[in-house]
Amino acid sequence: MTDQRQLPIDVKADVAAALERQGPVVALETTVIAHGLPYPLNRDTARALEAAVRAAGAVPATLGVVEGRIKIGLDEDQIEHFARNDGSCRKLSRRDIPVVLAERGDGATTVAGTMILASLVGIPIMATGGIGGVHRGAETTMDISADLTELARSPVAVVCAGAKAVLDLEKTLEYLETQGVPVVGYGTDRLPAFYVRETRHELEARVDTPEAAAALIDAKRRLGLAGGLVIANPIPHEHALDADFAERAIAAALAEAEARGIAGKDVTPFLLSRMEKLTEGKSVAANAALIRNNAGVAARIAVAYAGLRSGQSS
Ligand code: PSU
Ligand code: MN
């Protein structure tokens, strides 16, 4: 844990109490709220994620930066502010966090940003929709999400529905292998791709229970290896999109992004909002459902992990 005396950081009371007793805490990202989903579905999803974590017996910590202060846990008004994002709320990946603190601005954390803030206070697990990764055409654009390098640095397990389907999944897995990041299927042998339950990409490891996932996180910690891991949890059957339908919409959205010259941090928000139109809202409904599912699984893993750690210390 970093020395926090120099940092403008506020830890919500219930989160602080849980961390104090080494109880289960799940960090939740906010880029998906501020930049990923439309209002008011984003606000309702943020609330539903916290409820899903609580229902599984863990404490949720929705992370972000408000007026230059790091918030480990947001209150209702702050979540509403992020959800209504009037454009003043930055998207915070690693490079952006010092900037928003110095500016005393507001920012919502990506997976990379969430991992950084979570590890400041020792939260070992987070939930998201899908991680960023290597974009299609990265061999010319060099668009590779800082989520991937963060996974090699910060000790946080990321429960997700695989990588965003708009990415080049093969290159994303290659990159994670190079960076030494375990990618583990949760109840699956193949990489899920966000809207669809599985792809042709076989994974090297699989766990079927929260306890098995917790044992893996613990093994990595004991080895002293830097970085986190990816726990890839397929979207529930009833919310999955047809693979061909999803792929056609992705191809159309990507072509449009290229034609309009969308680049950098705007690529993902642009694609997600185009996908919403192209699928007549089915993509956002699926997105909200899979994140809720991931929050519940992350909480069950956090409970198992806290149990394991308390067994070790007694
Ligand atoms: N997946 C979603 N919605 C999102 C994101 C992922 O369904 O909004 C966000 C996550 O916060 C992820 C980020 O960390 O996109 C990656 O952005 P970039 O590719 O610019 O690093
Ligand atoms: Mn990018």
Side-chain angles (χ1 to χ4, degrees), residues 27-39 41-42 45-46 49 62-65 82-83 85 89-97 107-118 126-151 154 156 158-169 171-172 175-176 181 192-196 228 230 232-233 235 239 241 246 249-250 253-254 257-258 262-276 279 282-295:
L28 298 167
E29 71 141 306
T30 37
T31 288
V32 66
I33 306 305
H35 307 275
L37 290 169
Y39 187 85
L41 176 67
N42 54 0
T45 299
L49 300 184
T62 303
L63 306 190
V65 173
F82 275 40
N85 186 12
C89 179
R90 275 180 180 272
K91 172 174 166 182
L92 302 181
S93 188
R94 169 176 277 262
R95 63 169 187 186
D96 311 291
I97 299 176
T109 51
T110 63
V111 169
T114 305
M115 292 178 77
I116 291 169
L117 300 193
M126 66 166 287
T128 182
I131 58 168
V134 181
H135 280 259
R136 301 184 197 185
E139 56 276 26
T140 49
T141 63
M142 291 187 72
D143 189 349
I144 299 174
S145 174
D147 289 355
L148 300 187
T149 39
E150 202 56 48
L151 278 158
S154 288
V156 180
V158 179
V159 181
C160 60
K164 290 179 300 185
V166 297
L167 300 168
D168 184 325
L169 298 178
K171 289 194 184 69
T172 299
Y175 197 94
L176 287 168
V181 179
F194 212 65
Y195 307 117
V196 301
V230 175
N233 178 38
I235 183 172
H239 297 290
L241 300 186
I250 290 165
L254 284 168
E258 197 180 339
I262 310 285
K265 70 181 184 2
D266 300 328
V267 171
T268 297
F270 176 84
L271 292 175
L272 292 174
S273 93
R274 284 309 299 152
M275 286 291 290
E276 179 187 359
T279 64
K282 291 194 180 74
S283 67
V284 291
N287 196 341
L290 68 85
I291 309 181
R292 282 198 305 275
N293 184 46
N294 293 341

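Since the structure is predicted, the reported quantities are computational estimates derived from the model, not experimental observations. Heavy-atom basis, side chains included; hydrogens, waters and symmetry copies ignored. Whatever order the structure lists them in is the order used to number ligands and atoms, beginning at 1.
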Under 4.0 Å from a heavy atom of [X]: give me the atoms of ligand 1 that qualify, with their elements.
| X | value |
| --- | --- |
| Val32 | 3 (N), 8 (O) |
| Ser145 | 18 (P), 19 (O), 21 (O) |
| Gly36 | 8 (O) |
| Lys164 | 1 (N), 6 (C), 15 (O), 16 (C), 17 (O), 19 (O) |
| Thr110 | 11 (O), 14 (O) |

Query - Atom pair CD/CG of Glu29 and Leu63 - distance to nearest 0.5 Å - result: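 These two atoms lie 9.5 Å from each other.
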Query - Leu241 side, atom CG; Leu290 side, atom CG - distance, nearest 0.5 Å - result: 9.5 Å
Quick check: [X] and ligand 1, any N/O pair under 3.5 Å apart?
| X | value |
| --- | --- |
| Lys91 | yes |
| Glu29 | yes |
| Asn287 | yes |

In the protein, which heavy atom is nearest to [atom], and how far is it?
| atom | answer |
| --- | --- |
| atom 7 (O) of ligand 1 | Phe194 CZ, 2.7 Å |
| atom 6 (C) of ligand 1 | Gly130 O, 3.1 Å |
| atom 4 (C) of ligand 1 | Leu272 CD1, 3.7 Å |

Query raised in the report: Should Leu148 and Val181 count as side-chain neighbours, where that means a heavy-atom distance under 4.5 Å?
Result: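 Contact flag for Leu148/Val181 side chains = no.
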Query raised in the report: Given side chains that start at C-beta, do those of Val111 and Met126 come closer than 4.5 Å, heavy atoms only?
Result: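 Val111 reaches Met126 side chain to side chain.
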Requested in this report: Please verify whether a non-hydrogen atom of Thr128 lies at under 4.0 Å from ligand 1.
Outcome: no
Query raised in the report: Of the choices Val158, Asp147, Leu148, Thr31, which has the non-hydrogen atom that lies closest to atom 12 (C) of ligand 1?
Result: Asp147
Query raised in the report: What part of Asp143, side chain from CB on, backbone N/CA/C/O, both or neither, has a heavy atom under 4.0 Å from ligand 1?
Result: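 Asp143 to ligand 1: no contact under 4.0 Å from either part.
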Using atom types as modelled and distance alone, determine if a side-chain donor or acceptor of [X] lies under 3.5 Å from a backbone N or O of [Y].
| X | Y | result |
| --- | --- | --- |
| Asp147 | Ala112 | yes |
| Thr31 | Thr109 | yes |
| Asp168 | Val134 | no |
| Ser154 | Val156 | no |

Report task. Classify the side-chain pair Lys164/Thr268 by whether it contains a donor and acceptor separated by less than 3.5 Å. Result ->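 Yes, Thr268 and Lys164 have a side-chain donor paired with an acceptor closer than 3.5 Å.
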Requested in this report: Starting from the Mn ion (ligand 2), look over the N/O/S atoms of Asp143 and name the nearest one.
Outcome: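 So the atom name we want here is OD1.
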Requested in this report: List the atom of Ala34, the atom of Cys89, and the distance in Å for their closest heavy-atom pair.
Outcome: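 Heavy-atom minimum between the residues: CB-SG, 4.0 Å.
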